[in-house]
Number of protein chains: 2
Amino acid sequence: MAGRRTPEGLKEVIRDYRRDQVVAVARRLFGERGTTDVPMDEIAQEAGVARSTVYVYFASRDELLRACLAQMHTQLREAIADAWAQDATPAARLERLIEEMLARIDDDPAFFRLALVAQASPGQGAVAVGAELALIGLDIARLVRDLYDEGAVTGQFRAMDPDRATTLIGQQLYGAIAVRAGEPDPAPRAEAATDIARFVLHGLSPGWAGTA
Amino acid sequence: MAGRRTPEGLKEVIRDYRRDQVVAVARRLFGERGTTDVPMDEIAQEAGVARSTVYVYFASRDELLRACLAQMHTQLREAIADAWAQDATPAARLERLIEEMLARIDDDPAFFRLALVAQASPGQGAVAVGAELALIGLDIARLVRDLYDEGAVTGQFRAMDPDRATTLIGQQLYGAIAVRAGEPDPAPRAEAATDIARFVLHGLSPGWAGTA
DNA sequence: CCCGGATCGGACGCAGTGTCCGACCGGGGG
DNA sequence: CCCCCGGTCGGACACTGCGTCCGATCCGGG
């Protein structure tokens, strides 16, 4: 596979490019009007291909949705990975992680909201769709757990069952994400990230009223 | 209208009863297989009425879903109101509130998960559906805010913008709910409630490792 | 020039929604 | 007693969207 596949490679590229184009259109429309209320005709038309061609790329509506989620997954993963190495302390990393997630939400709140939906919805197709989302959850959960472990051994965080800590932090992140994705006019990102991070670190404990 | 309307009142009762019956069936089926994957035929058949009769009670699928949410809303509201007056300190109330919400989830996790979905999904029908859910959110938010205010003035909670505190606490509750609703085998309720409450109160602050 | 893969566009069967209407049932009033 | 009437039934209807299929068309490479 070392460079002699120009034609085949090129076709692959073209194919991927058009695929991504359809996915991008679908994400936008799904975000705007929901996964059920957008006919395949419209996605195809908007993407500039025939409806039947869409079915060449994606076996069904569900698979298209899954591709949309996978795309978002990849983008989120990359954004967080890029930001991950830039901070030293667990607390700083936590805040960075939060801010990075919020930034991704702000990029495309409508579809993000929808992604949370897809994760939760039952049904046969949704099993696979949910799996796509669970991957994101697991990615983030691993980061969160590493972060907690580091803070715990250095005494910056209180000692508790790491799984439980991960769950609790994860819940806060999930809630923050879901709420922000649904808010028409969310708070400034940096500020919100700081608030959330501080809340995760100290909860409602008095004595932390300052801007520390 | 003072008591001479036995026939009419009776009819109302009968009507409401059958309505609730349809709603109950719909909740179960929606919870099991999602809102889109269960035909109206099946709901009607399972509820023991003709499909056309369902349309006498509910103008559309969306309205039926809204009725399901409204029923859940009512039940949740009542459960929490009952438990509300039983505790004195804000911390105790918080834990009680959490436990009560978890209990409601455990009653019907499938549909609860779905309710969170409905809240988030866009589309024309979903505006009204979302409003139904927003009501629950507002109910809870009001309670949370009262609770925070009380804790803040007595110095048990750190001082901060009440709206922001409410949002942060609400985020944790939302996340906890969503995660629990999706977990096939959730942790014991009382324990989970205690954990969540303690996390909201103290976050990851060291020095709170005990069972206090 | 011709070939072959990709795309187009339009038809098909199928399933589900929401509407409508005639038939039926059961109870209360004339 | 029968009739009337509100509620229910069941089935037909038009309509929309999904997923499949196939012949027609386009276009780049041999």
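Letters A, B, ... mirror the listed sequences (proteins, then strands); counts begin at 1.
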Please state how far atom CZ in A/R19 lies from atom P in C/dA6, giving the value in whole angstrom units.
15 Å
Whole angstroms only, please: what is the CG-C1' distance between B/D41 and D/dA12?
14 Å
Check the distance between D/dA14's C1' and B/Y55's OH and give it to me in whole angstrom.
14 Å
Using only side-chain N and O atoms of B/Y57, determine if any of them is under 4.0 Å from OP1 or OP2 of D/dT8.
yes
Counting only side-chain heavy atoms from C-beta out, which of D/dC21, C/dG18, D/dG11 sits nearest to B/S52?
D/dG11
Need one value for B/F58: base, sugar-phosphate or nothing, where a base atom within 4.0 Å counts as base even if backbone is also close, heavy atoms only.
nothing
Of all heavy-atom pairs linking B/F157 and B/P90, the shortest is CZ-CB, 3.8 Å
List the atom of A/A26, the atom of A/I43, and the distance in Å for their closest heavy-atom pair.
CB-CG2, 4.2 Å
Nearest-angstrom distance from the residue atom CD of A/E42 to P of D/dC18
10 Å
With a cut-off of less than 4.0 Å, is there a side-chain N or O of B/T53 near OP1 or OP2 of D/dT8?
no
Would you classify B/V54 as touching base, sugar-phosphate or nothing, given that sugar-phosphate means primed atoms plus P, OP1 and OP2, and contacts are heavy atoms under 4.0 Å?
nothing
Grab the CZ-C1' distance between A/R18 and C/dA6 for me, whole Å please.
8 Å
Could you check how far CD of B/Q21 sits from P of D/dT8, rounded to whole Å?
12 Å
When you measure from the side chain of A/V49, which nucleotide among C/dG18, C/dC8, C/dT7 comes out closest?
C/dC8
State whether the distance check finds a donor on one side and an acceptor on the other, under 3.5 Å, for side chain B/R51 versus base D/dG10.
no
Tightest non-hydrogen contact, residues A/R180 and A/A192, listed as NH1-CB, 3.8 Å
Rounding to an integer number of Å, can you tell me how far A/L64 CG sits from D/dC18 P?
11 Å
Could you give me the CA-CA distance, side-chain angles and deciding distance for B/F199 and A/I169, then say whether side chain to side chain contact (heavy atoms under 4.5 Å, CB included) is met?
CA-CA 9 Å; B/F199 186 74; A/I169 299 170; 4.1 Å; yes
Candidate pair A/E63 and A/Y57, rule side chain to side chain contact (heavy atoms under 4.5 Å, CB included), full reasoning:
CA-CA 9 Å; A/E63 192 173 309; A/Y57 289 115; over 6 Å; no
Closest nucleotide of DNA chain C for A/G48 versus for B/R61: which of these residues is on the 5' side?
A/G48
Would you mind telling me which of D/dC18, D/dG10, D/dG19 lies closest to the side-chain atoms of B/A50?
D/dG10
How long is the line joining CG of B/D37 and P of C/dA15, in whole Å?
14 Å
